[in-house]
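Here is the structure we will look at, set down as C-alpha cells.
Throughout, protein chains are lettered first and strands after them, A, B, ... in sequence-line order, and every chain is numbered starting at 1.
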2 protein chains.
Amino acid sequence: MPRPATDEEATDEVGGSIYERLHDDIIHGRLRANERLKVSELASRMGTSTNPVREALQQLRGEGFVIMEPNRGARVRPIDEEFVRDICEIEVLIEPALTRWFVGIVTKADVEELERIQADIERLNFTDELAHSQLDMSFHRLMYDKHYNRHAVDLWIRHREILWAISRRFPTSLGRQSNVLEEHRELIACIKGQDAEGAARAIGKHVEDPAATSSSACDYHDAGFD
Amino acid sequence: MPRPATDEEATDEVGGSIYERLHDDIIHGRLRANERLKVSELASRMGTSTNPVREALQQLRGEGFVIMEPNRGARVRPIDEEFVRDICEIEVLIEPALTRWFVGIVTKADVEELERIQADIERLNFTDELAHSQLDMSFHRLMYDKHYNRHAVDLWIRHREILWAISRRFPTSLGRQSNVLEEHRELIACIKGQDAEGAARAIGKHVEDPAATSSSACDYHDAGFD
DNA sequence: AACTCTCAGATCGTACATTATTTGTCAACA
DNA sequence: TGTTGACAAATAATGTACGATCTGAGAGTT
C-alpha cells in the first residue's frame, strides 16, 4: 500500500539483506497479514532490482512466512487464530523436551545467569515491550542454545518469533504478566532442584497460556480478510 | 532458447515445476549429499533459463533441503547421522500426538481402509521398495490428512520424506521388515480398540526404530565428504 | 616450495520481453 | 437507471539475456 513511508525507508541503505528486512517486517507486523507483496514495489523500496526480491520471497515462502499463488504473486502469511494454535500445539510438544534435556546439563553458572535475566525482567516489569521480549528470548535461548538438536532449536526459534510477533501487537494483560513472572520463577526452581519433569511441566504451561490470550486477540487482527 | 535438447534432457518436458524436480532429486538421492548445485547447469538440464532455478533453490533453502553460502552457490544439504537423529527426535514428539487425535475421530471406514492398505503392504512384502513406500505413506497419511493442525502435518510430511529418502538408499533388514509389519498391526489393533495411548506408544516405537537403523547406515553414506 | 598473477567458471544483479491478471470503459439490455 | 458483459489498457508476475563481480585453480616467478 501507499503507506506512510517516511524518513527511514527513504535511506534504504542496505541495513541488512533483503531477506532479513522482509523477514523483520513480517515478524514485527510492519507488513500486515495477507498484505500483498509486489516485487517491483519492494524492489524500488529496497533500492535494488527485482531479482533479489524474488529470491528473498521464495526463501520466505519455503520458511512459511509468505504464501504464493501462481501468477498472482506473494502475500504475507496471515497469522490467524488457527495458525497460532497450530504452532503452540507443536511448541507444547517440543519445548518440554528441550527443557528436560537442559535440566540434565545445567551448570551453576547457567542458573545464575537465568536468575540474573529473570531479575532484569522483573525489574523492567513490562514497561518496555521490546526490551522485555529480548530478555525473554535470551532467557529461553540460554536453555536451548547448547542443545545438540539444532533442528529442533531452529524450529523453536522460528515458532517463537511468530508467536512473539503477534503477542507484541496486543498488550499483555496484567493477569498474564504476573503469570509469566510466576512461571519463570517456578521454572528456575525446578531447574535448580534438578526436577526435569517439573521443569517440563512448567514450560508446557508457559507455552500454552499465551496461546489462549493471543489467539483471542487475533480475532480482531484478521477481521476483514478472507 | 537455443539448445536442441538431446535425449535424456529431452524428457525435461515440464513433468513438474523446477522446484518439484529438484525436491524429488534430493529426496530420492539422485543428487547426493553436499553435491554442488550449479544454476546454469541445472537450467540447461531443465530447459529453462537460470532465474526459475535460482528461485527454486531459494525455496528449497528455506525448507532446509539446500544450504547456500554467499558467492559460493548452493549444495544439497547433507542428510547425515545427526540430521536424521534430530528429525527423528522431533517426530517422536509429534507423531504420537497426531495419532492420539486420530483415534478420537476415526470411523469404521477409516479402519477398513487402513486394513486394506496394510493387507497390500503384507502382500507386497517388501519386494518393491517404491510401491512399499507409497503404501506406507498412504497408510500414515490416511491418519493425518484429516487433522486440523495442518502445520504439524506439513512438518511431519517434510520429515517423513527425508527419513524415507535415506532409508530407501539402504536395504531394509529382514528384522526391521517384520517389525514394521508387526508395529502396523499393533497400531491398527489399538485404533480399533479406541486405545489412544496404546496407539501413541505404538507409533512412537514405529518412528524410533528406523532411526536406529538409518543413522547407522548413514555413516557410510557420508564418508568422504567434509 | 611458497607466493603472485591470470583466467575460466560461477554467482549475483540489472534490464528487458513475454504472458497472465486486474482494472476501467462503454455499450447493450432489463 | 442500474446492471451486465465484452473489450482494451494498465499492472504485475514470470522468463530470458547479459554484464559485473567474486572464487578457485593452475601457470609462472622468486
Side-chain angles (χ1 to χ4, degrees), chain A residues 1-3 5 9 11-23 25-26 31-32 34-63 65-78 224-226, chain B residues 1-6 9-23 25-26 31-62 65-77 224-226:
Chain A
M1 276 294 303
R3 292 290 295 296
E9 89 167 301
T11 355
D12 53 5
E13 304 317 324
V14 178
S17 67
I18 313 261
Y19 164 80
E20 281 172 33
R21 293 184 56 184
L22 282 174
H23 179 269
D25 283 349
I26 293 174
L31 293 168
R32 302 199 322 172
N34 266 312
E35 182 163 338
R36 208 159 153 208
L37 298 167
K38 307 184 196 177
V39 278
S40 49
E41 183 185 311
L42 293 173
S44 62
R45 214 209 303 278
M46 306 278 183
T48 69
S49 64
T50 61
N51 235 354
V53 176
R54 286 200 251 175
E55 293 181 16
L57 286 176
Q58 291 291 347
Q59 188 183 346
L60 290 165
R61 172 195 195 178
E63 290 172 354
F65 290 111
V66 153
I67 52 181
M68 296 181 71
E69 288 175 292
N71 287 320
R72 310 183 92 235
R75 296 172 166 276
V76 176
R77 167 145 197 182
F225 294 99
D226 62 322
Chain B
M1 37 79 216
R3 293 310 293 295
T6 61
E9 84 168 310
T11 343
D12 60 1
E13 304 318 323
V14 179
S17 63
I18 314 256
Y19 164 79
E20 280 172 32
R21 293 185 57 184
L22 283 174
H23 176 88
D25 284 348
I26 294 174
L31 293 168
R32 301 199 322 170
N34 267 313
E35 182 163 337
R36 188 126 180 242
L37 298 167
K38 307 183 197 180
V39 279
S40 49
E41 184 186 311
L42 294 172
S44 63
R45 214 210 306 278
M46 306 278 181
T48 70
S49 64
T50 60
N51 233 351
V53 176
R54 286 200 248 174
E55 293 181 17
L57 285 176
Q58 290 292 347
Q59 188 183 346
L60 290 165
R61 173 196 195 179
F65 291 109
V66 153
I67 51 181
M68 297 180 73
E69 287 174 292
N71 287 320
R72 307 178 93 238
R75 293 171 168 277
V76 177
R77 166 144 198 183
F225 293 97
D226 61 319

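- Residue Leu42(A) is out of contact with every strand shown, counting any heavy-atom pair closer than 4.0 Å.
- Helical stems in DNA chain C, defined as runs of 3 or more consecutive Watson-Crick or G-U wobble pairs with both donor-acceptor distances under 3.5 Å, are listed by first residue as C:1-30 with D:1-30.
- Put simply, CZ on Arg61(A) is 13 Å from C1' on dA13(D), counting in whole angstrom units.
- Judged by atom type and distance alone, Arg54(A) does not reach the base of dG13(C) through any side-chain donor-acceptor pair under 3.5 Å.
- Summarising the geometry, the separation between CD on Gln58(B) and C1' on dG13(C) is reported as 13 Å, rounded to the nearest angstrom.
- A donor N or O paired with an acceptor N or O is not found under 3.5 Å between the base of dT23(D) and the side-chain atoms of Asn71(B).
- With dT11(C), dG15(D), dT23(D) as the choices, the nucleotide that has an atom nearest any side-chain atom of Ser49(B) turns out to be dG15(D).
- Tested against Leu60(B) for a side chain to side chain contact (heavy atoms under 4.5 Å, CB included), the candidates Ile18(B), Leu37(B), Leu22(B) yield a single pass: Leu22(B).
- When each of dA10(C), dA13(D), dG15(D) is scored by its nearest atom to the side-chain atoms of Asn51(B), the top-ranked nucleotide is dG15(D).
- Nearest to the side-chain atoms of Ser40(B) among the listed nucleotides dT11(C), dT23(D), dT21(C) stands dT11(C).
- Summarising the geometry, the separation between CD on Glu35(B) and P on dA10(C) is reported as 14 Å, rounded to the nearest angstrom.
- Smallest separation of non-hydrogen atoms from Leu57(A) and Ala74(A): CD1-CB, 4.2 Å.
- A heavy-atom distance below 4.5 Å is found between the side chains of Pro78(A) and Ile67(A).
- Separation of atoms CD (Glu55(A)) and CG (Asn51(B)) is listed at 6.5 Å; rounding is to 0.5 Å.
- Taking atom NZ of Lys38(B) as the reference point, atom P of dT23(D) lies 17 Å away to the nearest angstrom.
- As a whole-Å value, the separation of Glu55(B) CD from dG15(D) P is 7 Å.
- Atom CG in Leu57(A) sits about 15 Å away from atom P in dA12(D), given to the nearest Å.
- Taking atom CD of Glu69(A) as the reference point, atom C1' of dT14(D) lies 15 Å away to the nearest angstrom.
- The heavy-atom pair separating Val53(B) from Ala43(B) by the smallest distance is CG2-CA, 3.7 Å.
- No side-chain heavy atom of Arg61(B) sits under 4.5 Å from any side-chain heavy atom of Gln58(A).
- When side chains are defined from C-beta on, Gln59(A) does not count as touching His23(A), because their heavy atoms never get closer than 4.5 Å.
- Among the heavy atoms of the strands lying under 4.0 Å from Leu37(B) are primed sugar atoms or P, OP1, OP2 only; no base atom is included.
- Set against dT16(D), dT21(C), dA12(D), the side chain of Arg36(A) has dA12(D) as its closest nucleotide.
- Between the P atom of dT14(D) and the OH atom of Tyr19(B) lies a distance of 16 Å, rounded to the nearest Å.
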